[in-house]
Visitor: 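Can you keep this structure in mind? I'll have questions shortly.
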Amino acid sequence: MADPISVSGPVSGTEKTLTFETGKFAPQSMGAVVASIGGTSVLTTANAAKKVREGMDFFPLTVDVEERAYAAGKIPGSFFRREGRPTEDAILTCRLTDRPLRPSFPDGFRNETQVVTTVIGADQENPHDVLSINAASAALMISGIPFDGPLGSVRMAYSQEGEWIPHPTYEEAENGTFDLVVAGRELDDGDVAVMMVEAGGSENAFYYYADGAKKVTEDVLADGLEACKVWIKESIALQRQLVASVIATHGPIEPMEWTPVLDYTPEVFAAVERVGTEAMKPAIAIAGKAERNAATDAVAADAIAQLCGDDGEFAGQEKMVKEAVRSLMKQLMRERVLSEGVRIDGRGPKDLREVSAEVGVLPTAHGSGLFQRGETQVMNVLTLAMPRMNQMIDSLSPNNEKRYLHHYNMPPWANGETGRVGSPKRREIGHGALAARAVLPVVPNQEDFAYTLRLVSEVMSSNGSTSMGSVCSSSLSLMDAGVPTRGHVSGIAMGLIHEDGKYVTLTDILGAEDAMGDMDFKVAGTEDAITALQLDTKIDGIPADVLKDALQQAREARLEILEVMSAAIPESRSEVAETAPKITTIHIPLDKVGEVIGPKGKVINTIQQETGADIGVDDDGVQGIVTIGAVEA
């Protein structure tokens with residue numbers, strides 16, 4: 001076995017050390033790195049196919065996270081006592097790792113590429129998700145696969161006193177009010193370009209804010225995005241040190257051979273521009289999504305007929321012409337925004353589409369809300385249940401139970417399309433988690449509001465940020481159900497067009513603006529604090545001042561939406577719905593818990609049979625907690 005190469009560096013402001021090691025595990029992998037902080041370690045491998053599959057018209061990158069129960073000294077809790085489908089935590093880590101990596105590969109690279117993180121050590125103190133991003137970048141850097149790295153990433157927790165804590169433990173994050181994950185790359189001038197942000201309020205923010213903790217406002221968040229650059233640079237410097245050590249030991253890293261795959265040639269685009277520009281300009285100015293799509297499809301069909309017929313100059317190259325038409329559409333849309341300040345549907349950069357909100361849309365539900373913004377419509381339905389319905393979690397984190405569940409569904413008919421209907425994909429898991437993070441900080445914990453809460457967001461129509469529509473409809477259904485929230489939470493999706501040093505920020509982006517723009521930036525919050533944020537870019541990061549202005553622009557839209565939501569229901573109902581169970585909580589001495597349960601549960605079972613009530617008994621180590629629930633009080 002070859003001697004491993006290891007580099008380590010301190011994490012500034014902490015007593016922790018970040019370590020990258022290669023050469024010990026996975027010797028046949030193109031790139032393999034073990035990254036560690038404390039007792040938490042991940043092995044990340046990077047490999048790419050030598051040839052491009054026939055007809056590949058997209059970049060086939062797959063990022064997988066394999067959680068091994070042995071990492072935390074556990075045996076899986078499933079029937080088979082073996083790891084099964086990925087946990088929600090693993091899926092969210094996949095997405096977190098994928099998002100900054102994907103735009104860092106060169107255009108035209110279509111070789112199938114797979115990055116796999118295996119969690120091999122979990123000390124129950126330090127999370128592994130940010131390690132996965134750093135390890136993936138390091139593995140790609142030594143693999144020879146074309147990759148515009150290195151990338152660095154850091155998690156920061158915002159303390160109640162108003163300080164950012166880098167690489168926090170689970171406990172430090174739980175005791176803070178806000179959690180922020182940032183990934184970026186270092187620019188030639190030494191600054192850091194932010195490429196990905198994932199953030200949300202803590203589960204205990206409801207109480208911390210009440211006790212006077214500092215809230216996360218737009219200015220605080222902008223300061224956090226500036227502060228994170230120190231630790232991103234430290235990870236990048238350590239990765240460069242690893243690469244230098246590998247070269248010093250084994251010689252230069254051999255770059256893999258690859259051939260760029262062109263969607264179309266310059267000649268094809270020039271021809272499409274010649275025959276399609278005049279027809280495309282009015283087509284992209286149609287406000288309605290379906291009508292606009294039909295018009296642009298007609299332009300594409302006409303271009304194909306002219307250029308790809310038997311006598312056409314590009315006969316048999318329909319696919320190239322179709323891609324060139326799409327590129328022309330993107331170019332014209334962006335030019336119109338930059339030169340005229342007019343968007344696809346005729347709005348200005350800061351204009352919000354028409355917004356409406358409604359509650360009580362399903363009479364049998366415990367709580368329901370319907371939110372619509374333009375052609376995006378989301379219904380949220382809330383179900384209240386006894387605490388025994390809390391979800392048990394079998395993962396590597398120390399959290400083993402969840403009482404606030406948010407599930408997001410988007411069927412193909414929401415886009416007027418056909419497709420697979422069934423189990424949720426990674427996107428659905430991610431959108432549900434984002435909406436949950438946004439709303440959770442305004443919800444009291446189970447000690448004060450005993451119920452288990454399950455919210456389901458049903459996307460009825462999609463044209464731009466259904467995840468933020470889920471946030472708004474969730475807030476409505478919580479108030480409709482009588483959950484004593486601290487106030488409404490609304491969310492908005494922002495976009496960006498960047499060309500020749502000019503930046504235009506767009507409020508409330510359409511699906512097409514998301515696809516053809518340079519940024520997808522979602523911000524959720526209350527009237528006076530940000531509760532969640534998600535940012536992805538397709539360019540080499542965004543300047544701090546542009547990001548700060550975008551946050552302020554998002555706030556204006558968020559407050560406008562909050563007004564509409566407050567008009568639908570200004571505060572939570574005083575009682576839960578008639579159809580919901582009524583719960584009373586009683587505290588008893590710890591030594592009396594056994595008497596309530598009785599031998600083999602005889603006492604508690606008898607009470608439940610005679611009364612029809614549902615009774616749960618638990619303790620917090622100090623006293624017994626008895627919850628009694630029934631449909632009628």
Side-chain angles (χ1 to χ4, degrees), residues 58-59 95 98-100 102-105 107 183-184 193-198 225 263 280-281 283-289 292-293 296 323-353 373-376 415 427 430-431 434 462-469 491-524 533-554 556-558:
F58 65 95
F59 172 40
R95 285 172 59 84
D98 181 297
R99 284 160 48 200
R102 194 168 288 274
S104 301
F105 291 88
D107 290 338
V194 173
M195 300 180 66
M196 185 276 294
V197 181
E198 186 75 32
L225 292 173
D263 289 324
M280 184 62 82
K281 284 180 178 177
I284 62 168
I286 297 171
K289 178 181 172 183
R292 183 173 62 252
N293 287 348
T296 55
E323 285 298 325
V325 169
R326 191 177 183 281
S327 190
L328 174 66
M329 176 183 166
K330 179 178 178 178
Q331 178 182 300
L332 293 174
M333 182 274 280
R334 293 166 65 91
E335 283 175 3
R336 190 170 178 233
V337 172
L338 289 165
S339 60
E340 303 172 36
V342 180
R343 296 160 63 178
I344 288 180
D345 56 0
R347 282 181 295 152
K350 294 186 178 183
D351 294 343
L352 193 61
R353 288 174 290 176
R373 189 187 62 247
E375 291 177 295
T376 293
N415 276 312
R427 178 181 177 276
H431 278 15
L434 176 61
S462 169
N463 188 10
S465 194
T466 51
S467 63
M468 293 298 96
I492 190 69
M494 311 293 288
L496 186 80
I497 305 290
H498 168 237
E499 211 80 56
D500 300 327
K502 186 177 181 182
Y503 295 87
V504 178
T505 304
L506 308 177
T507 294
D508 182 20
I509 54 172
L510 303 171
E513 289 173 328
D514 182 6
M516 297 180 184
D518 298 316
M519 173 181 81
D520 181 17
F521 184 30
K522 296 164 184 157
V523 191
L533 182 139
Q534 192 178 79
L535 166 70
D536 292 294
T537 70
K538 300 169 191 171
I539 54 178
D540 289 341
I542 300 168
D545 58 332
V546 173
L547 212 49
K548 196 169 183 178
D549 290 344
L551 280 168
Q552 291 297 337
Q553 193 169 316
E556 291 166 17
R558 198 172 81 232

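Just so you know, residue 1 is the first one in the sequence shown, and it goes up from there. When reading the values below, keep in mind they use all heavy atoms of this one structure, side chains included, and skip hydrogens, waters and symmetry mates.
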Visitor: Would you say that D520 contacts I509 through its side chain, given a criterion of any heavy-atom pair below 4.5 Å between the two side chains?
Guide: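 When only atoms from C-beta onward are counted, I509 and D520 do touch, with a gap below 4.5 Å.
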
Visitor: Can D536 and R99 be said to form a salt bridge (charged side-chain N to carboxylate O under 4.0 Å, His left out), step by step?
Guide: CA-CA 7 Å; D536 292 294; R99 284 160 48 200; 2.7 Å; yes

Visitor: Measuring from R336:CZ to I497:CD1, what's the distance to the nearest 0.5 Å?
Guide: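 Spacing of CZ (R336) from CD1 (I497) equals 12.5 Å.
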
Visitor: Can you tell me how far apart CE (M516) and CD1 (I344) are? Round to the nearest 0.5 Å.
Guide: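 Answer rounded to 0.5 Å: 6.5 Å.
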
Visitor: Search all heavy atoms of I286 against all heavy atoms of R292 and return the closest pair with its distance.
Guide: O-NH1, 3.0 Å

Visitor: With rounding to the nearest 0.5 Å, note down the distance linking CG in L328 to CD in E323.
Guide: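 The CD atom of E323 is 13.0 Å from CG of L328, to the nearest 0.5 Å.
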
Visitor: For the residue pair P100 and P103, what are the closest heavy atoms and their distance?
Guide: O-CD, 3.5 Å

Visitor: Is the CG atom of D107 crowded by more than 12 outside heavy atoms at less than 6.0 Å?
Guide: no

Visitor: Measure across M494 and T507 and return the closest heavy-atom pair with its distance rounded to 0.1 Å.
Guide: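 For M494 and T507, the tightest heavy-atom pair comes out as CE-OG1, 3.4 Å.
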
Visitor: In this structure, are over 12 heavy atoms from other groups packed under 6.0 Å from K548 atom NZ?
Guide: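 Count not over threshold, so no.
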
Visitor: Indicate yes or no: at least one non-hydrogen side-chain atom of L535 is less than 4.5 angstrom from one of M196.
Guide: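 Not touching, per the 4.5 Å side-chain cut-off.
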
Visitor: Considering non-hydrogen atoms only, spot the tightest contact between T376 and G464 and give its length.
Guide: OG1-O, 2.9 Å

Visitor: How far apart are the closest heavy atoms of A554 and I492, and which atoms are they?
Guide: O-CG2, 3.7 Å

Visitor: For T296 and M280, which heavy atoms make the closest approach, and how far apart are they?
Guide: CG2-SD, 3.8 Å

Visitor: Would you mind checking if R347 and D508 are paired as a salt bridge, meaning a charged N to carboxylate O distance below 4.0 Å?
Guide: yes

Visitor: Can you check whether R558 reaches V523 side chain to side chain, under 4.5 Å on heavy atoms?
Guide: yes

Visitor: Output, in order, the C-alpha distance, side-chain angles, deciding distance and verdict of side-chain contact (heavy atoms from CB on, under 4.5 Å) for V197 and L225.
Guide: CA-CA 9 Å; V197 181; L225 292 173; 3.8 Å; yes

Visitor: Working to the nearest 0.5 Å, report the span between OG of S462 and CG of N415.
Guide: 4.5 Å

Visitor: Hey, could you give me the CG/NZ distance between D514 and K538, rounded to the nearest 0.5 Å?
Guide: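 The CG atom of D514 sits 5.5 Å away from the NZ atom of K538.
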
Visitor: Between D549 (side chain) and V546 (backbone), is there a donor-acceptor pair under 3.5 Å?
Guide: no

Visitor: Going from CD on Q534 to CG on L434, what distance comes out if it is rounded to the nearest 0.5 angstrom?
Guide: 5.0 Å

Visitor: Give a yes-or-no answer on whether the side chains of T505 and Q553 include a donor-acceptor pair shorter than 3.5 Å.
Guide: no

Visitor: Given L551 and F521, is the side-chain contact (heavy atoms from CB on, under 4.5 Å) satisfied, shown in steps?
Guide: CA-CA 9 Å; L551 280 168; F521 184 30; 3.6 Å; yes

Visitor: Within the 4.5 Å heavy-atom criterion, are S465 and R373 side-chain neighbours or not?
Guide: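 Sidechains of R373 and S465: in contact.
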
Visitor: May I ask you to test the L338-V504 pair for a side-chain heavy-atom distance under 4.5 Å?
Guide: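 Yes, at least one pair of side-chain atoms sits under 4.5 Å.
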
Visitor: Do N463 and R353 come close enough that some side-chain heavy atom pair is under 4.5 Å?
Guide: yes

Visitor: Hey, are the side chains of L496 and L506 touching, using non-hydrogen atoms and a 4.5 Å cut-off?
Guide: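 No, side chains not in contact.
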
Visitor: Show your reasoning for whether side-chain contact (heavy atoms from CB on, under 4.5 Å) applies to Q331 and E335.
Guide: CA-CA 6 Å; Q331 178 182 300; E335 283 175 3; 3.5 Å; yes

Visitor: Take H431 and K522 through the test side-chain contact (heavy atoms from CB on, under 4.5 Å) and record every step on the way to the result.
Guide: CA-CA 11 Å; H431 278 15; K522 296 164 184 157; 3.9 Å; yes

Visitor: Describe, in one word, how the ring planes of Y503 and H498 are oriented to each other, choosing from parallel (under 30°), tilted (30 to 60°) and perpendicular (over 60°).
Guide: parallel

Visitor: Tell me which pairs pass salt bridge (Lys or Arg N to Asp or Glu O under 4.0 Å) where either residue lies in residues 491-506, with sequence neighbours left out.
Guide: R334-E499

Visitor: Does any part of the side chain of S104, heavy atoms only, come nearer than 4.5 Å to the side chain of M195, both counted from C-beta?
Guide: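 Of all side-chain heavy-atom pairs linking S104 with M195, at least one is under 4.5 Å.
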
